[in-house]
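This report refers to the structure that appears directly beneath it.
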Amino acid sequence: MIKKISLWTALGAASLSLTNYAFAGTDSKIWDMVVKEAEGQTVYWNAWGGSTQINDYIDWVGQNLKDTYGIEVVHVKLDDTANAVSAVVAEKAAGKDEDGSIDLIWINGENFASMKNQDLLYGPDWAQNLPNWQYVDVENKPTITTDFTIPTDGMESPWGMAKLVFFHDSARTKADEMPDNSDDLLKWAEKNPGRFSYPQPPDFIGSSFLKQILIEQVEDVSLLQQPAEDVDFEAVSKPLFDYLDKLHPNLWRGAKAFPRDYPSMSQLLADGELEITFAFNPATASSAIANDELPDTVRSFTFSGGTLGNTHFVAIPYNANAKAGALILANFLISPEAQLRKQDPAFWGDPTVLAMSKLPEDKAAEFSALDLGVATLRPDELGPAFDEPHPSWMAIIEEKWASRYGVAN
């Protein structure tokens with residue numbers, strides 16, 4: 001396991017590698033040690049690889065780290081973050097407590113909870129000691145320090161915000177005809193069979209849709225903040241599956257097949273096969289329009305009563321080989337420069353985790369000047385954010401979904 005020592009002890013231990021110890025403190029001398037140790041390292045960053053724009057952004061990040069710090073970033077493209085978790089589990093079982101194959105993971109939710117529960121994470125308390133943490137909006141964004149009800153304890157660093165929003169093509173459908181809640185969506189699907197679908201769980205976007213419906217349909221939403229095993233799961237989740245039983249016959253291809261992921265679902269909107277899609281980023285449609293992936297008539301809408309919201313993070317496995325490089329990468333991801341580019345729909349459009357009030361005036365002005373795009377809702381139009389359920393809920397729901405509806409595509 002990682003041993004934690006004080007930063008002054010670390011400073012005095014010239015013969016020891018800083019990254020054998022939990023990172024402690026933003027003292028410039030400590031950070032200088034991190035930078036020096038990271039030079040020449042290769043950071044294997046396991047991150048979802050299903051979006052060209054996101055992959056391009058990660059490439060840009062990697063080039064910055066190479067130019068500035070002499071660090072090589074290798075994007076290990078994942079289709080499911082659970083695969084990275086399994087790899088670290090296997091390494092721990094094999095006794096490989098050093099020189100692990102993964103240095104950084106794009107993570108949140110049940111995957112973070114699983115790694116934290118199994119002592120597979122580096123830390124605690126490194127994230128809030130990164131130099132750029134001074135800009136993070138901890139005060140107004142509680143999901144930055146609590147991930148799906150689980151305290152992060154400084155074991156993961158935020159790098160983007162998420163809010164569930166829906167899209168339609170205004171050239172084909174009218175805004176005032178769009179549903180305003182899950183019950184409206186069911187009625188809309190019944191009137192427009194085959195024109196809606198969702199990615200098949202355990203795809204993250206598809207599972208998020210299930211959580212949205214669960215939150216809206218459950219009788220006592222507070223139960224979802226408890227571990228699923230502590231309540232009567234069958235009784236609490238029954239409204240979700242009753243809803244899906246009614247929805248599925250009206251889905252695209254009669255729910256005999258499902259889109260693989262968000263890009264597949266978005267393509268169906270572009271091709272005119274679907275009329276309503278959704279994503280976990282308010283700027284997704286504007287970004288796709290800017291990159292000629294969706295027509296410029298696509299617009300966003302949301303449910304006035306609220307939709308799911310969370311934060312996504314990066315975490316360092318306990319046995320990472322390039323911990324110093326991973327720390328520098330995590331720190332760069334929350335820099336004003338990286339967050340500004342990330343929020344620009346031309347590159348990604350992902351909402352920032354930074355507080356404008358904490359930034360230098362010139363940097364805050366650059367954020368204010370960003371054109372978020374014709375299809376992006378303003379923050380005051382996004383509606384309330386629903387809290388994520390405890391991560392145990394999704395694991396059981398995905399299992400029940402598969403047994404009830406089968407693997408369709």
Side-chain angles (χ1 to χ4, degrees), residues 80-83 85-86 89 107-121 142-143 146-153 156 162-164 181-186 189 196-251 255 258 261 278 280 303 305-313 384-409:
D80 188 344
T81 305
N83 294 333
V85 178
S86 297
V89 170
I107 197 169
N108 74 348
E110 53 264 40
N111 290 308
F112 169 70
S114 175
M115 293 195 75
K116 186 180 182 186
N117 186 56
Q118 297 179 75
D119 293 327
L120 299 177
L121 293 172
T143 56
T146 304
D147 187 354
F148 288 39
T149 77
I150 307 298
T152 62
D153 292 332
E156 55 180 359
K163 183 73 160 58
L164 191 67
N181 53 54
S182 61
D183 289 334
D184 284 355
L185 178 61
L186 178 58
F196 177 74
S197 189
Y198 61 93
Q200 178 173 307
D203 173 81
F204 178 75
I205 297 297
S207 295
S208 295
F209 174 74
L210 299 185
K211 285 185 281 188
Q212 174 70 30
I213 302 304
L214 175 67
I215 291 168
E216 289 196 61
Q217 296 293 318
V218 71
E219 292 184 10
D220 183 358
V221 71
S222 67
L223 295 175
L224 302 181
Q225 298 299 299
Q226 303 177 36
E229 57 269 21
D230 291 350
V231 303
D232 186 342
F233 175 85
E234 295 298 331
V236 176
S237 64
K238 185 177 185 299
L240 166 66
F241 291 104
D242 287 348
Y243 180 98
L244 295 177
D245 286 345
K246 296 174 185 177
L247 179 67
H248 278 196
N250 301 289
L251 293 183
F258 288 82
D261 49 24
F278 55 93
F280 229 138
F303 294 168
T307 55
L308 200 64
N310 65 38
T311 301
H312 52 99
F313 303 83
F386 289 155
D387 291 334
E388 287 277 1
H390 187 277
S392 58
W393 281 91
M394 212 58 246
I396 302 176
I397 285 173
E398 289 170 350
E399 179 183 338
K400 296 291 184 182
W401 190 98
S403 64
R404 192 179 186 105
Y405 303 114
V407 179
N409 59 344

Just by modelled atom types, is the [Y] backbone N or O under 3.5 Å from a matching donor or acceptor in the [X] side chain?
X      : Y      : value
Asp232 : Ala235 : yes
Asn108 : Thr311 : yes
Asp147 : Gly109 : yes

Rounded to the nearest 0.5 Å, what separates atom [atom1] in [X] from atom [atom2] in [Y]?
X      : Y      : atom1 : atom2 : answer
Asp230 : Gln226 : CG    : CD    : 6.5 Å
Ile213 : Leu185 : CD1   : CG    : 6.0 Å
Glu388 : Glu110 : CD    : CD    : 8.5 Å
Leu210 : Ile205 : CG    : CD1   : 11.5 Å
Ile215 : Leu164 : CD1   : CG    : 9.5 Å
Asn250 : Ser197 : CG    : OG    : 11.5 Å

Where is the tightest heavy-atom contact between [X] and [Y], given as atom of each residue plus distance?
X      : Y      : answer
Ser114 : Val85  : OG-CG1, 4.0 Å
Thr149 : Pro389 : CG2-C, 4.2 Å
Leu214 : Ile397 : CD2-CD1, 3.5 Å
Ala228 : Ser392 : N-OG, 2.8 Å
Gly305 : Pro384 : O-CG, 3.8 Å

On the 0 to 90° scale, with breaks at 30° and 60°, tag the [X]-[Y] ring pair as parallel, tilted or perpendicular.
X      : Y      : value
Phe313 : Phe112 : parallel
Phe196 : Phe278 : tilted
Trp401 : His248 : perpendicular

Give the intermediate values and the outcome of side-chain contact (heavy atoms from CB on, under 4.5 Å) for residues Leu240 and Leu244. CA-CA 6 Å; Leu240 166 66; Leu244 295 177; 4.1 Å; yes
Do [X] and [Y] have side chains that approach each other closer than 4.5 Å (heavy atoms only, starting at C-beta)?
X      : Y      : value
Thr152 : Thr146 : no
Val218 : Pro239 : no
Gln200 : Asp203 : no

If we check side-chain hydrogen bond (donor to acceptor under 3.5 Å, both in side chains) with Thr307, which of these qualifies: Gln212, Lys163, Glu216?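 Testing Thr307 for a side-chain hydrogen bond (donor to acceptor under 3.5 Å, both in side chains) against Gln212, Lys163, Glu216 leaves exactly one candidate, Lys163.
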Sub-6.0 Å ring centroid separation between Phe280 and Phe204: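 Between Phe280 and Phe204, the centre distance is under 6.0 Å.
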Less than 6.0 angstrom separating the ring centers of Phe148 and His390, yes or no?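 For Phe148 and His390, the ring centres are not under 6.0 Å apart.
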Regarding Asp183 and Gln217, do their side chains bring together a donor and an acceptor under 3.5 Å, going by distance alone?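 Per modelled atom types, Asp183 and Gln217 side chains form a pair under 3.5 Å.
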Using a strict 4.0 Å threshold on nitrogen-to-oxygen distance, state whether Lys116 and Glu156 make a salt bridge.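 Between Glu156 and Lys116 there is no salt bridge, as every charged N stays at least 4.0 Å from the carboxylate O atoms.
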For a side-chain contact (heavy atoms from CB on, under 4.5 Å) check, start with the C-alpha distance between Met394 and Glu398, then their side-chain angles and the critical distance, and finish with the verdict. CA-CA 6 Å; Met394 212 58 246; Glu398 289 170 350; 3.7 Å; yes
Heavy-atom count check: over 12 atoms from other residues, nucleotides or ligands less than 6.0 Å from Glu219 CD?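 It does not: Glu219 CD has 12 such atoms or fewer within range.
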Go through the steps for Val236 and Leu224 under the test side-chain contact (heavy atoms from CB on, under 4.5 Å), then give the verdict. CA-CA 9 Å; Val236 176; Leu224 302 181; 4.2 Å; yes
